[in-house]
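Before any comments, here is the structure.
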Amino acid sequence: MVMFRAFYKEVKRATGIDDRFLRESDHADLASTVAFKLAKEKRKKPQEVAEELLESFEISGDYIGRIEIENGYINFFAGQEFFEDTINAILDEDYRYGELKLGGEVIVEHTSANPDGPLHVGHIRNSIIGDTLVRIFRKAGIRVNAQYYVNDMGRQSAMAVLGAARYGIGSGKPDHEIAKVYIRINADAEEDESINAKLEELMIRYERGEEDAVRMFRDVIERALEGVKETLERLNVRHDSFIWESEFVRNGYVERIFRMLEERGLLERDDVLKVSMRRFGYEKDVILRRENGTTLYITRDLAYHLWKNENCERFVNILGSDHKLIANQLSDLLRAINLKPPEIVFFEFVSLPEGSMSTRKGKFISADELIERTYQEARVLIEDRDFSDEDKERIARAVAIGALRFDFVRVSPEKPMTFDWKKALDFERQTASYIQYTHARACSILRKAVEMGYADLDFRYDLMDETERELVLLLSKFSFNIEKVVKSLKPSTFAEYILDIAEKFNDFYHKNPVIVNDSDTRMHRLAIVDATRIVLRNGLELLGIEALERM
RNA sequence: GGGCCCGUAGCCUAGCUAGGAUAAGGCGGCAGCCUCCUAAGCUGCAGAUCGCGGGUUCGAAUCCCGCCGGGCCCGCCA
């Protein structure tokens with residue numbers, strides 16, 4: 001069952017009103033502004049047009065309770081069957097509630113940070129947006145492959161490899177150790193010209209696939225990734241595959257890209273291989289192969305997207321806004337050779353109060369440090385509560401990760417963020433722990449009810465008050481909001497939705513005591529509590545946040 | 001110099017794709033609520049020329065143009 005979606009479709013079917021003129025509203029369960037548009041053509045007042053339209057509606061189905069006309073708006077309200085079905089569907093379907101069967105398949109490429117150091121707070125904005133999309137796509141019934149594109153052929157990687165060979169890697173967490181040698185060699189390269197010569201030689205040898213070079217790269221990059229994967233695991237972020245870009249140099253896809261461009265007369269052979277971008281509105285050429293024979297990032301990325309075209313029907317990339325130019329060029333080139341470009345979610349930078357982050361300069365807050373400090377802060381909060389040490393650890397971890405994920409997913413990607421420790425370590429309203437707390441609170445009520453022998457649930461429309469009505473309506477919109485994200489690629493709207501449910505439930509909690517003597521009221525409210533518990537838990541799951549039963 | 005993005009109360013954010021009914025929340029401030037299902041909660045008060053100026057429209061935070069402020073990009077880097 002897909003509750004609010006069903007109501008929405010019923011309204012559309014009954015009225016013939018287009019999506020453009022239907023929206024959620026504070027004044028109604030669904031409102032239409034269509035009369036305003038028609039009023040102009042018909043030269044009548046919106047109110048009159050709306051009243052005429054009302055006559056023409058052919059209501060069928062069970063969910064539309066009543067329709068009202070007000071100030072030209074047509075307001076639709078769901079009725080008894082809708083609310084009963086919503087609660088019953090949630091209680092029956094439980095973990096499966098909210099699932100859709102949209103079908104299809106998608107590759108979501110996210111994180112893809114250079115293997116030259118640990119993930120920092122900028123990278124995890126990418127990871128969290130990407131992983132949340134992955135989870136929501138899956139819930140929508142779409143087959144997803146989450147991919148990390150490993151940039152093993154770039155200059156930065158070669159620099160890290162060279163640094164590791166020159167100074168040796170220490171015994172700490174490998175991604176952090178690699179950052180140390182990467183920062184050091186970058187600093188040394190400013191003084192010592194020979195480092196750049198060695199770098200070029202190393203890149204040429206790796207591009208050619210010379211065995212010892214391949215071994216060096218593999219070793220260092222695997223270790224960097226090992227550290228990155230550990231951090232991602234802490235954040236509940238999981239990839240299905242790690243795709244090494246060097247693969248596309250070795251498997252002929254890069255050559256195929258050259259041929260495809262050549263066939264369309266786009267490829268120019270000079271000392272380099274390049275494409276003039278004038279026809280696409282760019283001033284400068286795109287170089288695809290250097291004078292020394294090595295390829296560039298965009299070359300391998302074109303090959304990767306050729307591969308995506310052959311292996312999947314839809315592909316989404318999560319990229320920092322610094323990639324906008326090159327990603328747009330990539331898309332133009334793909335279209336020019338008749339390939340589908342990726343759908344791209346760009347996110348703006350996370351900067352520090354003192355300026356932007358840089359791995360090379362060692363100017364960043366690592367995700368690991370952020371996770372640890374957030375954990376410590378959460379631990380303080382729970383320290384004097386009555387839990388075992390193990391439980392305290394587990395709960396504080398869940399709260400810390402939740403806080404991090406929610407802080408990042410909640411903000412629209414196009415919004416620049418300035419990282420703020422005070423905010424990151426805050427566990428009060430409008431945060432994940434608020435939602436987790438609300439979920440734990442629902443669990444607590446249900447536990448108490450069972451202890452007292454009140455296990456039965458029975459939703460009663462006639463007993464439902466206004467707050468309860470608003471709450472259940474929100475619960476009914478779960479799959480509606482999932483579908484929105486699938487279309488808009490904006491997971492922030494889903495975070496906001498789950499937060500709304502928590503707020504409305506707390507409102508209900510304070511107004512309506514649940515465990516009361518009157519059994520009808522009690523069973524009715526328990527049904528609402530249990531349904532809310534299920535929706536919050538399923539929603540937190542999609543946000544990659546653990547739904548705690550006690551905290 | 002050119003391109004893209006952001007600019008909503010002291011601070012942070014939602015709403016902008018498909019223009020409409022009182023601009024919605026949080027933090028901070030002030031005043032309150034635990035013999036009652038977890039106070040990581042709740043209630044009330046104060047706080048906004050929706051960056052500025054034009055335009056389109058019956059109607060603009062939302063669309064268009066110009067400007068101001070901030071960020072990112074314009075490498076044979078990624």
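The sequence lines fix the lettering, A, B, ..., with proteins before strands; numbering per chain opens at 1. Quick note: numbers below take in every heavy atom, side chains included, and nothing from hydrogens, waters or symmetry partners.
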* To do: Would you check if the distance from the ring center of A:F508 to the ring center of A:F505 is below 6.0 Å?
  => yes
* Planes under 30° and centres closer than 5.5 Å, is that true for A:H510 with the base of B:G41? -> no
* **Per-pair stack call A:Y73 and B:A21, 5.5 Å, 30°** => yes
Base, sugar-phosphate, or nothing: which does [X] touch, judged by heavy atoms less than 4.0 Å apart?
| X | value |
| --- | --- |
| A:K511 | nothing |
| A:V399 | base |
| A:I326 | base |
| A:N75 | base |
| A:D386 | nothing |
| A:Q156 | base |
| A:E414 | sugar-phosphate |
| A:S157 | nothing |
| A:D500 | nothing |
| A:E503 | sugar-phosphate |
| A:I287 | sugar-phosphate |
| A:P513 | base |
| A:R360 | nothing |
| A:A31 | base |

Nearest-nucleotide pick for [X], side chain only, options being [options]:
| X | options | value |
| --- | --- | --- |
| A:R20 | B:A18, B:C77, B:G28 | B:A18 |
| A:S433 | B:C37, B:A21, B:A40 | B:A40 |
| A:E348 | B:A14, B:G71, B:G20 | B:G71 |
| A:D322 | B:C73, B:A40, B:G59 | B:C73 |
| A:H27 | B:A39, B:U22, B:C77 | B:U22 |

* What dot-bracket string describes RNA chain B from 5' to 3', counting Watson-Crick and G-U wobble pairs whose defining distances are under 3.5 Å, with [ ] for crossing pairs and | for pairs to another strand? -> (((((((..((((......[...)))).(((((.......))))).....(((((..]....))))))))))))....
Give me the ring orientation class for [X] and [Y]: parallel if the planes are under 30° apart, tilted from 30 to 60°, perpendicular past 60°.
| X | Y | answer |
| --- | --- | --- |
| A:Y148 | A:F242 | parallel |
| A:Y73 | A:F36 | perpendicular |
| A:F217 | A:Y206 | parallel |

For [N] and [M], measure between their [atom1] atoms and round to the nearest Å.
| N | M | atom1 | result |
| --- | --- | --- | --- |
| B:C45 | B:A24 | P | 13 Å |
| B:C65 | B:A48 | P | 31 Å |
| B:G26 | B:U62 | C1' | 23 Å |
| B:A9 | B:C4 | C1' | 29 Å |
| B:U49 | B:A23 | C1' | 13 Å |
| B:U57 | B:C42 | C1' | 44 Å |
| B:G3 | B:G47 | C1' | 39 Å |
| B:A14 | B:C58 | C1' | 28 Å |

Output the rounded distance in Å from [atom1] ([X]) to [atom2] ([N]).
| X | N | atom1 | atom2 | answer |
| --- | --- | --- | --- | --- |
| A:N71 | B:U22 | CG | C1' | 12 Å |
| A:Y282 | B:G1 | OH | P | 22 Å |
| A:L425 | B:A40 | CG | C1' | 14 Å |
| A:Y375 | B:A40 | OH | C1' | 17 Å |
| A:R429 | B:U43 | CZ | C1' | 11 Å |
| A:F36 | B:G20 | CZ | P | 10 Å |
| A:F347 | B:C6 | CZ | P | 16 Å |
| A:M452 | B:C37 | CE | C1' | 9 Å |

* Asked: Honestly, is A:K12 close enough over A:Y8, meaning NZ or CZ under 6.0 Å from the six-membered ring centre and within 45° of the axis?
  -> no
* Geometric cation-pi criterion, A:R360 with A:Y182: 6.0 Å, 45° -> no
* Is any side-chain nitrogen or oxygen of A:K45 closer than 4.0 Å to OP1 or OP2 of B:C58? -> no
* **Nearest-nucleotide 5' precedence on RNA chain B, A:I515 against A:K422** => A:K422
* Taking for each residue the nucleotide of RNA chain B bearing the nearest heavy atom, is the 5' side occupied by A:E70 or by A:S356? -> A:E70
* Check whether any side-chain N or O of A:N481 sits under 3.5 Å from a backbone N or O of A:K477 as a donor-acceptor pair, and report yes or no. => yes
* Hey, is B:C34 sitting syn or anti, using the within-90° cutoff around 0? -> syn
* Apply side chain to side chain contact (heavy atoms under 4.5 Å, CB included) to the pair A:T431 and A:L499, showing each step before the final yes or no. => CA-CA 8 Å; A:T431 60; A:L499 194 57; over 6 Å; no
* Asked: More than 12 heavy atoms of other residues, nucleotides or ligands under 6.0 Å from NZ of A:K363: is that the case?
  -> yes
* Structure fact -> Exactly one candidate in A:F480, A:Y497, A:F76 meets ring pair (Phe, Tyr, Trp, His ring centres under 6.0 Å) with A:F4; the answer is A:F480
* Under the 3.5 Å rule, do the base of B:A21 and the side chain of A:S25 count as making a donor-acceptor pair? -> yes
* Run the salt-bridge test on A:R20 and A:D18 with the 4.0 Å N-O cut-off and return the result as yes or no. => yes
